[in-house]
Amino acid sequence: MNSLWVTWPALVKYGTLGITAGLLTLAVERNELFENNLFDFERWDEYNAEINCDERSLTARTEDGSCNNIENPAEGSVDRRFGRNVELDVAQGETGDMLLTPNPRDISNAIMGRDEFKPAPTLNFIAAAWIQFMTHDWFSHGQGSTDDYIEFDLPANDPDAPGTMSIRRTIPDPTRTQAEDDAGLPDAYLNENTHWWDGSQIYGSDLATSNSIREFQGGRLTVNADGSLPTEFMSGVPVTGFNDNWWLGLSMLHQLFVNEHNAIADMLASNYPTQDDQWLYDKARLVNAALMAKIHTVEWTPAIIANPITERAMYANWWGLAGNTENRDKYAAEFDELAADLARRDSWTRRILGFDPKMEEALDNGKALEWALTGLAGARHSDNAGVPFTLTEEFVAVYRMHPLLRDNVDVYDIGSNVVSEQIPLNATRDGNAEQILDDQDADRLWYSFGVTLPGSLTLENYPEFMRNMHIPGRGTVDLAAIDIIRDRERGVPRYNEFRRQIGLEPINDFTDLTEDADLVAELRRLYNNDVEMIDALVGQLAETVRPEGFGFGETAFQIFIMNASRRIITDRFYTEYYTPEVYTQEGYDWVENTTMVDILKRQYPSLDLSLAGVDNAFKPWGLNIPAEYDNWGACSKQDLLWTNGVLRTEYDAGELPAIPEVDIGGLISGVIRDKVEYVGDVAPVGHAKPIHPHGVMAKVAFNSTGNHPYTGVFKGNECGLLRLSVTGDPADRGFAPGFAWKTLIDGKPSENISALYTLSGQDTNHDFFANEMSNYVSLESNATLGSSLLFSFVTAKPNLVMANAMAATDSSGNEEANAVSPTQVYFVPTAEVQGLFDTAEHDFRDDLMSLPQGTKLYDVYATDMEIKSSIWSSKQARLQAERRADAVKVGELVMDSNFAASQFGDSGVFFKHERYEDAN
Ligand code: HEM
């Protein structure tokens, strides 16, 4: 723990005890912050005198946020001051030269601007829009003064130099008194929104706004017939609680949660038919606001700080406080373990945490466990730790997350990974947003946001359009320069002092922040080699030492753990009034049981497949196999693998990967064993195909002739996947086609069969359909690949893949009482494809991808003659010919889609081989 950077997130490597120790550290830390870092200087009494809390306000959120705390009714309401998380004497706004040093535009140009897009890999773009949506619930400092500007020269090398840049000054609280001036209090700024987590971005922070969005029937909010929001006549921006800084992402989220409100109101109206509009509206708002708060706490936050300790801490924040016994039970055992450890003389937890002085004290006064448990068991009463609740300037400062934004919105068709349209993000702003939402369709946009990544919160990643952004009525601004100026003018301390104030170690040198030598040089230049001058935002973005899984650095996190908990713990409607009595049982259950994925699926059923297996809507959507996947119907499984596997990962046209040589080493090292032991349609993570690495896949149907004895899948299979490939680079060992067919089965795991022409292939003939293929091929004396030898490590009959399992269960999942299985199956190219392709050297994948859906590919033949082999090649040939002659046509394999080449087809899909041993 001597490190400059906090090390507790790494405790996860010690397993459960490490995680509980981490939670303990976090709880103690938060407690410290509550004790030392809450400062408030609002004149509450003056405002309280004007407020009368009526009967309704006891069980409903008021429009302006008053009466949440009955004892201090103005607490957290609109137009009240931001509080502070640093001592008031270091919170004085900067003035004069200091305010302008270093030149904010120089900082913006030199280290903020995006040279190339740096993605945040663990989140998706929904997460970026979401956090702005949340900050619009929490706070706004307003549009700034139109007659008081901060003005400074453009740096000499600026593209627009010479010239000046002027930025509107934030308007300070106009009611400030002489006494406050005399007392030397810092300037105060008012929050234009209520401080509470009450959905005010939708419902507004005053009665007039709230009334402007209501239908006044059934508790509903006003929407157009198609579910879109009414817009303002002049700006084209939706009429809603807070509509500043509008763009497409906000249109999507506002529409989603306005419609969610109406779904809740309709549900309540049907359960409580005698209740009036006001009652229904109030309850629906309570539920909707709590749902958003819960989603933020247990879904968004664990996505951006994906560490097991913080994930549990966030669960505790929500379910701990709500007293959800199920979750409490889940962790109870872990805390017993912690208690037992702490009671031991040689306690591991004490040893690992004890040398931090704060921790030592905490462990010694016996409160440690209580603190850790408080997080989990939660408060049944709201508790503002003795300081009236407000959000703080430091809280606003750490949410300056503009680098999350991309330069373009990439629009995809649902299921696809090919960008169908790229819209500059700047072109989706203000009045354009609703039009784009309408033109592109909300479900496609949600899919698109789900699969694209936001920018990472680092230096040199600020969207360029925002550094030169036109704001209606305000002209062109550089938002990066504004972000820097705002912290300075509002007295947010510079980075090192900020860290000291919130209990973190200050840095000693620029190299503590980053190892990037160029960046360090620029930082030294800008800040005149003085670490104390580094701006709070610059330091935060520069912190490259980030705890495992953290999307932002520890400085922001420190502010965050305090305020995230406080927003909940101080709010009467998230503590003692978060009950079925106040919310209604149905409303309470709605909050507890609904996730972001549920909302998206309910409102956009077309996203069902894309969200299959996705448990956190803020993490990049991809192919996820849900736990109950095997129970699905065959065609749903086919659909999932096709849409979310193949189509999503299709290679761009003209960019097929080159086919490498067979990876013999990879073959030997256990992969062959996987091939027979692993069960599942999707390969384990990290699986690579050392043999048959590239090919194409199509959906196929098997139409049985009905005129044969074979059972199970041989009676017909509507939904299958066929992969056609070659063993390795044809230039290396000749052209060796391979065939793998996955038959999907209702409610049961799939059955698979694979086939070859011979182990070593067909020499220089590149016509994929030159030869028939079979699940049994003769061993060749000249098996150049040595494949038979390799496969013999895992099976006694390396040249045979069994078909027994395919005969045991039919496509509807019924077990066959008297299964009849062929011994050998032949896949014979049909007349439609025979002779269609060139035999000369070329890429077979292009041939196959040119075939239209509906093409009959193979006539399938089968025999049940025993497979006997002989070491005499003439006898072997005779035995083979006899079996082939005995085989009857059992059906046809027909393409049910085109063929596509995809990453999923090459490394994701898994075809199990049935061994001779498994079937006998
Ligand atoms: C296209 C999208 C966005 C636009 C056009 C936009 C624009 C703006 C503008 C014009 C301001 C006020 C600047 C000033 O103080 O003069 C601002 C402030 C801010 N923005 Fe954004 N923003 C966007 C997205 C985001 C996102 C994704 C976040 C993430 C959290 C964010 C967080 C903030 C914060 C925390 C402030 C400070 C608010 C305050 O001072 O009370 N913004 N933004």
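Ligands are counted one by one from 1 in listed order, and the atoms in each one are counted from 1 as well.
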On the 0 to 90° scale, with breaks at 30° and 60°, tag the Y399-F139 ring pair as parallel, tilted or perpendicular.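 Rings of Y399 and F139: tilted, 30 to 60°.
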
Could you tell me how the ring of H254 sits relative to the ring of W246: parallel (under 30°), tilted (30 to 60°) or perpendicular (over 60°)?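 The rings of H254 and W246 sit tilted, inter-plane angle from 30° to 60°.
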
If you measure from each heavy atom of [X] to ligand 1, is any distance below 4.0 Å?
X	value
S140	yes
R490	yes
Q143	no
N426	no
I131	yes

Check against ring-ring contact (aromatic ring centres under 6.0 Å, His included), W44 and Y47: CA-CA 5 Å; W44 300 108; Y47 298 107; 7.5 Å; no

Sub-3.5 Å donor-acceptor pair from the side chain of S200 to the main-chain atoms of D137, do we have one?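 At least one qualifying donor-acceptor pair exists.
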
Hey, is the main chain of P403 close enough, under 3.5 Å, to the side chain of R114 for a donor-acceptor pair?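 Side chain of R114 to backbone of P403: a pair is present.
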
Of all residues at least two apart in sequence or in a different chain, which pass the salt bridge (Lys or Arg N to Asp or Glu O under 4.0 Å) check with [X]?
X	result
E460	none
D158	R105
D115	K118

Within-2.8 Å protein N/O/S contacts of atom 21 (Fe) of ligand 1: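 Protein N/O/S atoms under 2.8 Å of atom 21 (Fe) of ligand 1: H402 NE2.
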
Polar proximity ligand 1 side, R474 side, N/O cut 3.5 Å exclusive: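 The answer is yes, given that R474 and ligand 1 share an N or O pair closer than 3.5 Å.
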
